[in-house]
Number of protein chains: 2
Amino acid sequence: MLSKKTKYGLKALAFLASQPDREPVQIAEVAKQENISQKFLESILLTLRRNGFLGSKKGKGGGYYLIKSPEEIQMTAVMRVLEGPIAMVPCVSLNFYEKCEDCPDETACSVHRLMLKVRDANLEVYRNTTLADVIS
Amino acid sequence: MLSKKTKYGLKALAFLASQPDREPVQIAEVAKQENISQKFLESILLTLRRNGFLGSKKGKGGGYYLIKSPEEIQMTAVMRVLEGPIAMVPCVSLNFYEKCEDCPDETACSVHRLMLKVRDANLEVYRNTTLADVIS
DNA sequence: TATTTATCCTACCAATTTAGTAGGATTCAA
DNA sequence: TTGAATCCTACTAAATTGGTAGGATAAATA
């Protein structure tokens with residue numbers, strides 16, 4: 001299951017991407033338009049800013065705005081920041097590799113074999129999809 | 001993340017599939033060979049039996065065995081029983097469809113659009129992979 | 001028929017994760 | 001200097017996960 005965090009984060013990115021300009025948009029505005037709890041969204045936007053997707057401005061007239069063009073934002077990056085590893089098991093993860101302690105031989109493991117295929121299929125999608133592709 | 005339940009269930013199916021015959025194998029034997037908690041595995045094998053993947057025999061000389069050939073067991077079926085829906089959000093699920101209550105229009109939703117692609121990519125893998133394909 | 005050996009089944013439980021909430025600190029514009 | 005906005009830490013209720021406990025049931029065999 002996709003977490004609400006990822007779902008809301010994606011929706012917020014898409015909302016900001018479809019603004020006519022890159023002027024700051026208030027959290028309250030995004031929350032209202034996308035039906036998201038404002039406080040929860042606040043923490044999500046914060047991590048998106050910390051990870052280089054958004055800029056922010058404090059005080060009156062402040063808010064969040066995209067700092068890259070939607071075409072440059074790959075879904076791989078978004079998913080890794082919001083949802084974590086793309087692989088379903090650490091032993092097939094490119095960025096978060098870990099050996100399974102219960103599995104003596106990865107090359108002989110059926111789970112490993114299947115999850116490699118799944119990882120590749122997902123990477124293919126996320127790499128070839130940008131924020132620009134998912135806005136209407 | 002793949003749950004331990006799914007991971008262990010897959011490993012058990014693969015283990016049973018690579019037996020030389022279809023004689024019953026005891027839970028204890030599977031648990032030992034695959035490094036799985038026996039009691040936990042017991043409940044997993046039970047659901048695999050209830051869902052038509054395994055047969056069982058009680059008493060001395062009893063155990064679990066595959067009741068279909070590995071070539072006939074699609075990963076779609078295994079994943080749905082062990083892990084649940086293949087889709088990451090209910091609004092793109094074929095077998096467990098549900099509307100998002102927060103989303104007024106699916107066709108305009110960026111999450112929906114992305115997750116459709118992801119679902120299709122995963123289905124492609126799971127449909128074209130059988131138990132026979134993942135054993136060594 | 002009694003015993004042993006296995007699965008069957010329900011109920012419980014600790015730890016972790018998820019989806020938030022509360023409340024104040026900081027910064028900026030007017 | 002006073003709002004208005006983000007920033008940031010800490011807390012929490014509910015759900016999920018990964019088991020465990022303990023007995024009921026069924027089958028083989030001595």
Side-chain angles (χ1 to χ4, degrees), chain A residues 1-12 16 23-32 34-67 81-85 88-90 96 100-102 111, chain B residues 1-12 16 23-32 34-67 81-85 88-90 96 100-102 111:
Chain A
M1 275 284 289
L2 198 72
S3 67
K4 300 270 183 185
K5 182 181 168 188
T6 303
K7 185 182 176 185
Y8 295 162
L10 263 168
K11 284 197 165 199
L16 293 174
E23 290 300 301
V25 181
Q26 295 169 32
I27 297 172
E29 170 76 5
V30 181
K32 192 179 172 193
E34 298 293 338
N35 295 305
I36 305 170
S37 143
Q38 181 170 339
K39 270 301 204 178
F40 190 26
L41 180 60
E42 198 179 310
S43 70
I44 297 167
L45 294 180
L46 209 49
T47 76
L48 286 173
R49 194 213 57 179
R50 284 177 178 147
N51 284 279
F53 295 100
L54 301 179
S56 68
K57 208 184 148 193
K58 284 183 174 183
K60 191 163 191 179
Y64 285 95
Y65 50 92
L66 271 192
I67 54 177
V81 161
L82 293 173
E83 190 74 7
M88 293 185 81
V89 282
F96 305 84
C100 295
E101 71 291 342
D102 61 308
V111 176
Chain B
M1 276 283 289
L2 197 73
S3 66
K4 301 271 184 186
K5 181 179 168 189
T6 303
K7 185 181 175 186
Y8 296 161
L10 263 167
K11 285 196 166 203
L16 294 174
E23 290 300 303
V25 180
Q26 295 168 32
I27 297 173
E29 169 75 5
V30 182
K32 192 180 172 192
E34 298 293 338
N35 297 304
I36 304 171
S37 144
Q38 180 170 338
K39 270 299 202 178
F40 191 26
L41 180 60
E42 197 179 311
S43 70
I44 297 167
L45 294 180
L46 208 50
T47 75
L48 285 173
R49 194 215 57 179
R50 285 177 177 148
N51 283 279
F53 296 99
L54 302 178
S56 68
K57 208 184 149 193
K58 284 183 173 182
K60 191 166 192 179
Y64 284 95
Y65 49 92
L66 271 193
I67 54 177
V81 161
L82 293 174
E83 190 72 8
M88 293 185 80
V89 281
F96 303 86
C100 296
E101 70 291 343
D102 61 309
V111 175

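With values rounded to the nearest 0.5 angstrom, B/L10 atom CG is found 9.0 Å from B/L48 atom CG.
Distance, A/E29 CD to D/dA4 P: 16 Å, rounded to whole Å. The interatomic distance linking A/K7 (NZ) with C/dT18 (P) rounds to 16 Å, in whole Å. Atom pair A/L82:CG and C/dT18:P shows a separation of 13 Å (rounding to whole Å applied). Put simply, CG on A/L46 is 13 Å from C1' on D/dA5, counting in whole angstrom units. At whole-Å resolution of the value, CE in A/M1 and P in C/dT17 are 17 Å apart.
Contact annotation: the side chain of A/L66 approaches that of A/L54 to within less than 4.5 Å [non-hydrogen atoms, C-beta and beyond]. Residues B/S37 and B/K4 have side chains not in contact (no heavy-atom distance under 4.5 Å, counting atoms from C-beta outward). Put simply, the side chain of A/L46 reaches to within 4.5 Å of the side chain of A/R50, judged on heavy atoms. For the pair B/P90/A/M1, a side-chain contact is recorded, criterion being any heavy-atom separation below 4.5 Å from C-beta on. A/D102 has its side chain within reach of B/K11: a pair of non-hydrogen atoms, C-beta onward, lies under 4.5 Å apart.
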Show me the protein contacts with nucleotides 17-23 of chain D, counting only N or O atoms at under 3.5 Å.
residue	atom	partner	partner atom	Å
D/dG18	OP2	B/K4	N	3.1
D/dG19	OP2	B/Y8	OH	3.3
D/dT20	OP2	B/S37	OG	2.8
D/dG22	O6	B/K39	NZ	2.2

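A/L45 comes within contact range of no nucleotide atom at all, as no heavy-atom separation falls under 4.0 Å.
DNA chain C is contacted by A/K57, A/K58, A/G59, A/K60 of residues 49-61 of chain A, taking any non-hydrogen atom closer than 4.0 Å.
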Worked check of side chain to side chain contact (heavy atoms under 4.5 Å, CB included) between A/N51 and A/L82: CA-CA 10 Å; A/N51 284 279; A/L82 293 173; over 6 Å; no
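When each of A/E34, A/K39, A/Q38 is checked for a side-chain contact (heavy atoms from CB on, under 4.5 Å) with A/I36, only A/E34 meets the rule.
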